[in-house]
Number of protein chains: 2
Amino acid sequence: MQSFDAHELLKNADFFSGISDRSIRSLAAIGIPKRVEKRKLIFMEGDEGHSLYILAQGGVQLYKSAADGREIVIKTVKSGEIFGEVVLFEENKYPVSAVSLEKSLLLRLPKQQIDCLLISDSFRRDFIGMLMRKQRYLADRILYLAGHDVEERFFYFLEEQYGRKEEYRIPMSKKDIAAAIGTIPETFSRLLLRLKQEQKLRWEGENLYLAEDFWKGFETQ
Amino acid sequence: MQSFDAHELLKNADFFSGISDRSIRSLAAIGIPKRVEKRKLIFMEGDEGHSLYILAQGGVQLYKSAADGREIVIKTVKSGEIFGEVVLFEENKYPVSAVSLEKSLLLRLPKQQIDCLLISDSFRRDFIGMLMRKQRYLADRILYLAGHDVEERFFYFLEEQYGRKEEYRIPMSKKDIAAAIGTIPETFSRLLLRLKQEQKLRWEGENLYLAEDFWKGFETQ
DNA sequence: CATTCCCCTTGACCCAGATCAAGGGAAATT
DNA sequence: AATTTCCCTTGATCTGGGTCAAGGGGAATG
């Protein structure tokens, strides 16, 4: 993992597409870099916290624990996205747990600093906009989980995380992908077997190759 | 439906518990009352909109349509809650559809007015806090739907909508409750049959009576 | 008053996907 | 190098809850 330019990084992140350059510069200036190893707990559901995080490089998964111990993935965080921001107001406990899926680089932004930035009119707009985009995302995720089968959810996952391509480098374990799409490793494994038999994909190590017509007939509304 | 005092109403709404009296007064002042009949579409997914709504009296359900036409409920709005606010920033299309479940009274707040209020430091804090509470709610809902069976979801529904009681007046149709807990009327009907046979509840018209020990052993974490 | 319509219920059936179990292989630990 | 551990896969089996179908009853409409 190389050193990084926080400003450059944030500027290129999808998640900040709606955020002005000035706002980004401010964020980059106050971020405290933090490196974490693979499969490390960044914070736990219920922990008190006073910082939000931006994922600079790597991957992070947010989940909640069900009563029986199963872990339900709420969101798979992509590089450039923000997480843990819910802690900043009122209730100061994280509503989800966060683990790194791979060796990752985070930018930590303490609550106090965010509060200062929120004085800025443009930053405030950007920040609220970002919260609303996240709300849209969560509503979409409910629709995905409740209204689509495992195969469709896998397609959505690929598209959402990496876009529509024919070649992917996927650093996540299959177990984690299974959790991300709301199923168990066995079922996901069987899905891959079937898609392979149907000549729709090949999976070699971390590399996934899709058939040319893989995305045909798959509509995102 | 009687006339109403917008300020009084908002003040007593759970959803605004974290919002200062001054903020509430501002909201009440600019709200435009709107009455809707039962089962009326308030707005549709994809519609352009420039207002958010507060549900003053009655009930509203927010849903998204799956590709096959099924409607997946994202949230059942309680009286006192806000909805449609996501339209206010960036993308100005509603991400969900909203229908009234009963004769209802809404307070409409145009975008422009909200923008004015956001200049106020305290209102801004309150507003962001409200967005974050909603985000928490959606994360919880994902956990409910993905990690609990229909029976548990029904318990959560009761608790969330009306609190833990032994007697309820429930103005919603069973069909709508089924949708709210993420199932179909047949399954919900069978669940009620079983709970009745197990002497856990009686349902008479709009009135639901639970056994004394109904809530025993039901943990909300 | 008849008819349509919708809500609700109950029965019969089915299926996607979870559970349980077993094993093979790669990587990490001693 | 041996052992433990974890990931992944595949098989066999089970089941919650969805689908399809068929009424019955109440409200609304002609």
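In what follows, every chain begins at residue 1, and chains take the letters A, B, ... in the order their sequences are listed.
- In this structure, B/R153 forms no cation-pi arrangement with B/Y144, as its terminal cationic atom is not both closer than 6.0 Å to the ring centre and no more than 45° off the ring axis.
- The distance between atom NZ of B/K38 and atom C1' of D/dA28, rounded to the nearest whole Å, is 12 Å.
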Salt bridge (Lys or Arg N to Asp or Glu O under 4.0 Å) for A/K134 and A/E85? Distances and angles first, verdict last. CA-CA 11 Å; A/K134 201 136 182 182; A/E85 77 281 5; 3.4 Å; yes
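- In this structure, B/K174 forms a cation-pi arrangement with B/W203, its terminal cationic atom sitting closer than 6.0 Å to the ring centre and no more than 45° off the ring axis.
- Within the 4.5 Å cutoff, no side-chain heavy atoms of B/K93 are placed close to those of B/D47.
- If you take CD of B/E37 and P of D/dA28, they are 13 Å apart, rounded to a whole angstrom.
- For the pair B/S189 and C/dT9, the criterion of a side-chain N or O lying under 4.0 Å from OP1 or OP2 is met.
- A sub-4.0 Å separation between OP1 or OP2 of D/dC8 and a side-chain N or O of A/K174 is absent.
- Taking a 6.0 Å sphere around CD of B/Q199, one finds it holds 12 or fewer heavy atoms contributed by other residues, nucleotides or ligands.
- Across all strands, B/L193 comes closer than 4.0 Å only to sugar-phosphate atoms, never to a base (heavy-atom distances).
- The aromatic rings of B/F43 and B/Y94 lie parallel to each other, their planes meeting at an angle below 30°, with 60° marking the opposite boundary.
- You'll find that the side chain of B/K175 is closest to C/dC7, out of D/dC8, C/dC7, C/dG17.
- Remark: A/T183 is in phosphate contact with C/dA18, judged by side-chain N or O atoms under 4.0 Å from OP1 or OP2.
- Distance B/L192 CG to C/dT9 C1': 11 Å, rounded to the nearest Å.
- Here C/dT10 presents its P atom at 13 Å from CZ of B/F188, a figure rounded to the nearest Å.
- Here D/dG16 presents its P atom at 19 Å from CZ of B/F154, a figure rounded to the nearest Å.
- The CZ atom of B/R39 sits 7 Å away from the P atom of C/dC7 (whole-angstrom rounding).
- Because its NZ or CZ atom is not both nearer than 6.0 Å to the ring centre of B/Y53 and within 45° of the ring axis, B/K34 does not count as a cation-pi partner of that residue.
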Protein N or O to nucleotides 20-26 of chain C N or O, pairs below 3.5 Å:
| residue | atom | partner | partner atom | Å |
| --- | --- | --- | --- | --- |
| C/dC20 | N4 | A/E186 | OE2 | 3.3 |

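- Note: A/Y209 and A/Y168 fail the aromatic proximity criterion, with ring centroids not under 6.0 Å apart.
- The shortest distance between the side-chain N/O atoms of A/T187 and the OP1/OP2 oxygens of C/dA18 is below 4.0 Å.
- Of the candidates C/dT9, C/dA16, D/dT10, the closest approach to any side-chain atom of B/P185 belongs to C/dT9.
- Counting only distance, with no hydrogens or angles, the side chain of A/T183 and the backbone of A/V150 share no donor-acceptor pair below 3.5 Å.
- Distance B/L145 CG to D/dG18 P: 11 Å, rounded to the nearest Å.
- In this structure, the CD1 atom of A/I184 is 11 Å from the C1' atom of C/dA16, given to the nearest Å.
- In the helix from C/dC1-D/dG30 to C/dT30-D/dA1, the rotation axis of the first five pairs and that of the last five pairs differ in direction by 40°, rounded to 10 degrees.
- A donor-acceptor contact shorter than 3.5 Å links the side chain of A/R70 to the backbone of B/G147.
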